[in-house]
Amino acid sequence: MKYLLCFVFLAFVALPNCHGTLSPSDTKKAKKTKELKVKQGPQPTNVVERGLVQEEPSAKDILVENGAYHEATDQKHFEGNVLGYVTPWNNHGYDVAKIWGGKFNWVSPVWLQILRKGPKQYELGGAHDIDAGWVKDVKKAGEGIHNRVVPRVLFDRFTDKDFSQLLTYPEERSIAAKMILSTVRKYKFDGIVLEVWSQLSARVDDDYLVALVTEICSTLTGAGLDCLLVVPPARKETYDLFSRKHFEALNPVVSAFSLMTYDFSSVQRPGANAPLYWVKNAVEHICPDSADNLKEKRAKILLGLNLYGSDYTPNGGQPIVGHQYLSLLKNLKGHLTHDEHDRENFFEVKTSNGRHMVFYPTLYSINERLNLARKLGTGISLWELGQGLDYFYDLF
């Protein structure tokens with residue numbers, strides 16, 4: 001199967017751009033699917049009890065069951081910490097965070113940006129996106145596990161000179177860190193998720209970047225707040241972008257590391273979103289089994305799970321979210337295929353706009369990654385809430 005996939009993918013990449021609309025036959029298939037008795041909303045049993053976690057699930061089962069979830073929405077099944085991201089461009093994620101708030105130790109709305117206004121002058125943009133009522137609802141839903149709301153913060157509209165000033169001068173870093181702290185306190189957040197490493201690691205000396213993260217995170221953690229750091233996984237082309245050395249240096253001041261173990265494949269190299277062996281290697285790269293205090297360190301790593309998928313087509317392909325996946329799945333008869341090497345499911349269909357090779361999470365593939373996280377002793381991070389199918393949350 002693996003060799004066949006490689007041949008098919010190469011054929012996809014070589015074909016020209018051609019996107020079309022659904023043909024009458026596609027519409028007929030969709031209409032037929034609508035006749036299925038689709039389940040929605042709270043159910044007395046979960047997906048495991050309903051026998052839905054299958055290695056090769058049927059398209060019909062997914063189409064019928066994906067919107068039906070266990071009524072005990074605050075019942076947490078995964079033992080480690082869980083971080084869920086929410087974005088302003090995906091409204092369903094806001095609902096997910098409230099409905100299943102008892103499953104997420106951290107919820108990170110993607111709201112804020114650090115702006116440099118001049119020498120020693122910083123401010124936080126994105127305050128217009130802050131929804132205090134929603135924050136209150138999320139915390140109420142997760143009060144049983146004392147969940148925490150930690151908006152993501154990144155550096156925006158910085159010139160090379162701006163970054164140079166920030167990284168070079170300790171006073172600049174201190175002012176920026178204190179500005180973040182005051183903003184977090186003002187809006188009564190529980191900390192932040194800091195995204196800067198991938199932005200700068202290939203461009204600046206590591207020591208400067210470590211100093212910047214240390215300044216910001218120690219300022220927050222010293223005040224009893226959380227500071228989570230987004231970090232890239234090891235790849236062949238960027239093997240040491242974030243290494244064990246960096247992990248060990250920052251571990252004392254960082255509350256948790258959001259490890260982005262997804263987007264393994266691309267239009268240029270179609271395939272699985274996050275092969276299981278690669279996810280395992282990415283964790284062990286920064287914290288091998290030989291590390292001191294292994295249990296405590298691994299618990300700080302949040303193994304990344306994508307809740308979106310990829311649709312590879314003759315024009316190269318694109319990311320897809322739940323409703324797009326279900327629309328394509330309506331064209332499939334029978335069962336999805338299980339890739340034994342990467343431990344993901346995929347299917348191939350032909351529509352009016354050509355062939356589609358679709359990789360998207362299933363209950364089985366998610367469960368495999370949760371079991372890996374249990375084995376390694378890590379937590380998990382979900383990018384992003386609302387992109388996946390509602391019955392996925394039965395597993396977390």
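Across all non-hydrogen atoms, the minimal contact from P170 to T168 is CD-O, 3.5 Å. The two residues D240 and S243 come nearest to each other via the heavy atoms OD1-CB, 3.5 Å. Scanning both residues, T362 and S365, for their nearest heavy atoms gives N-OG, 2.9 Å. Shown here for Q199 and F155, the closest heavy-atom pair between the two residues is NE2-O, 2.9 Å. The shortest non-hydrogen separation linking G322 to Y360 is CA-OH, 3.3 Å. Contact record, F189 with V149: CB-O, 3.8 Å, taken as the closest heavy-atom pair.
Of the possible polar contacts, none joining the S327 side chain to the H323 backbone as a donor-acceptor pair under 3.5 Å is found. Between the side chain of N46 and the backbone N or O of E49 there is at least one donor-acceptor pair closer than 3.5 Å. Proximity of a side-chain donor or acceptor of S108 to a complementary backbone N or O of V150 within less than 3.5 Å is detected. Listed for the N81 side chain is no donor-acceptor partner under 3.5 Å among the backbone atoms of A299. One N or O on the side chain of D394 and one on the backbone of H70 form a donor-acceptor pair closer than 3.5 Å. Formation of a donor-acceptor pair under 3.5 Å by the K76 side chain with backbone atoms of G80 is found in this model. Proximity of a side-chain donor or acceptor of T214 to a complementary backbone N or O of V210 within less than 3.5 Å is detected. With S182 contributing its side chain and M179 its backbone, the two residues share a donor-acceptor pair below 3.5 Å. The backbone N or O of E248 sits nowhere less than 3.5 Å from a side-chain atom of N251 that would complete a donor-acceptor pair. No side-chain donor-acceptor contact under 3.5 Å links R374 to the backbone of G379.
Around atom OH of Y364, more than 12 heavy atoms belonging to other residues, nucleotides or ligands sit under 6.0 Å away. Within a 6.0 Å sphere centred on NZ of K280, heavy atoms belonging to other residues, nucleotides or ligands number 12 at most. Within 6.0 Å of NZ on K139 lie more than 12 heavy atoms contributed by other residues, nucleotides or ligands.
With contacts defined as side-chain heavy-atom distances shorter than 4.5 Å, the pair T183/I180 does not qualify. Side-chain atoms of L200 and F163, non-hydrogen and from C-beta on, do get closer than 4.5 Å to each other. Side-chain contact between L395 and L370 is present, with heavy atoms from C-beta onward closer than 4.5 Å. Put simply, the side chain of Q54 reaches to within 4.5 Å of the side chain of D61, judged on heavy atoms. Looking only at side-chain heavy atoms (C-beta outward), L166 and L212 come within less than 4.5 Å of each other. The shortest side-chain heavy-atom distance between L209 and S201 falls under the 4.5 Å cut-off. A heavy-atom distance below 4.5 Å is found between the side chains of D206 and K245. P275 has its side chain out of reach of R343: every pair of non-hydrogen atoms, C-beta onward, lies at least 4.5 Å apart.
Atom CG in L303 sits 4.0 Å away from atom OG1 in T261 (nearest 0.5 Å). Between the CD1 atom of I114 and the CG atom of L154 there is a distance of 8.0 Å, given to the nearest 0.5 Å. If you take CD1 on I320 and NE2 on H356, they are separated by 9.5 Å, rounding to the nearest 0.5 Å. Here E384 contributes atom CD and L382 contributes atom CG; the two are 10.5 Å apart, rounded to the nearest 0.5 Å. With rounding to the nearest 0.5 Å, the separation of CG in N105 from CG in D226 is 10.0 Å. Here CZ of R298 is found 9.0 Å from CD1 of I286. Values are rounded to the nearest 0.5 Å.
Between Y85 and S258, the side chains place a donor N or O and an acceptor N or O closer than 3.5 Å (distance only, hydrogens not considered). No hydrogens or angles considered: nothing links the side chains of T87 and N90 as a donor-acceptor pair under 3.5 Å.
Between W111 and W89, a ring centre-to-centre spacing not shorter than 6.0 Å is recorded. Ring to ring, W383 and Y308 are not that close: their centroids are 6.0 angstrom or more apart. Between F78 and F396, the distance from one ring center to the other does not fall under 6.0 angstrom. Taking the centre of each ring, Y393 and Y69 stay at or above the 6.0 Å mark.
K178 and E215 are not joined by a salt bridge, as no carboxylate oxygen comes within less than 4.0 angstrom of a charged side-chain nitrogen. The pair D311-R355 does not count as a salt bridge, with every side-chain nitrogen at least 4.0 angstrom from each carboxylate oxygen.
Put simply, the residue from W278, F346, Y277 that forms a ring pair (Phe, Tyr, Trp, His ring centres under 6.0 Å) with H341 is Y277. When each of Q121, K120, R116 is checked for a side-chain hydrogen bond (donor to acceptor under 3.5 Å, both in side chains) with E172, only R116 meets the rule.
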Trace of the side chain to side chain donor-acceptor pair (under 3.5 Å) decision for N345 with H338: CA-CA 5 Å; N345 296 105; H338 175 234; 5.6 Å; no

For H92 and D390: C-alpha separation, side-chain torsions, deciding distance, then whether side chain to side chain donor-acceptor pair (under 3.5 Å) applies. CA-CA 10 Å; H92 186 49; D390 283 352; 2.9 Å; yes

Trace of the salt bridge (charged side-chain N to carboxylate O under 4.0 Å, His left out) decision for R369 with E344: CA-CA 10 Å; R369 281 145 186 79; E344 287 192 17; 3.6 Å; yes

Applying side chain to side chain donor-acceptor pair (under 3.5 Å), run through N331 and T351 and close with a yes or a no. CA-CA 8 Å; N331 296 281; T351 69; 6.0 Å; no

Does the side-chain contact (heavy atoms from CB on, under 4.5 Å) test come out yes or no for F247 and I301, once each step is laid out? CA-CA 10 Å; F247 176 77; I301 299 174; 3.8 Å; yes

Go through the steps to decide whether R203 and D160 satisfy the test salt bridge (charged side-chain N to carboxylate O under 4.0 Å, His left out), and finish with yes or no. CA-CA 10 Å; R203 300 169 52 191; D160 287 345; 2.6 Å; yes

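Note: the hydrophobic cluster containing V230 also contains L228 (ILVMFWY, side chain heavy atoms under 4.5 Å, direct or indirect links). Both L167 and V153 belong to a single network of hydrophobic side chains, linked directly or stepwise wherever heavy atoms of I, L, V, M, F, W or Y lie under 4.5 Å apart. Note: the hydrophobic cluster containing M260 does not contain L385 (ILVMFWY, side chain heavy atoms under 4.5 Å, direct or indirect links). Neither L112 nor L115 shares a network with the other; the hydrophobic side chains, linked directly or stepwise wherever heavy atoms of I, L, V, M, F, W or Y lie under 4.5 Å apart, form separate groups for each. No path of Ile, Leu, Val, Met, Phe, Trp and Tyr side chains, each step under 4.5 Å between heavy atoms, connects I380 with W106, placing them in separate hydrophobic clusters.
Between F347 and Y325, the ring planes lie tilted relative to each other; the angle falls in the 30° to 60° range. Between W197 and F242, the ring-plane angle classifies as perpendicular under the 30° and 60° cut-offs.
A cation-pi arrangement is absent between R148 and F104, since the terminal nitrogen or guanidinium carbon is not both under 6.0 Å from the aromatic centre and inside a 45° cone about the axis.
Among residues two or more places apart in sequence or in another chain, the disulfide (SG to SG under 2.5 Å) test is passed with C287 by none.
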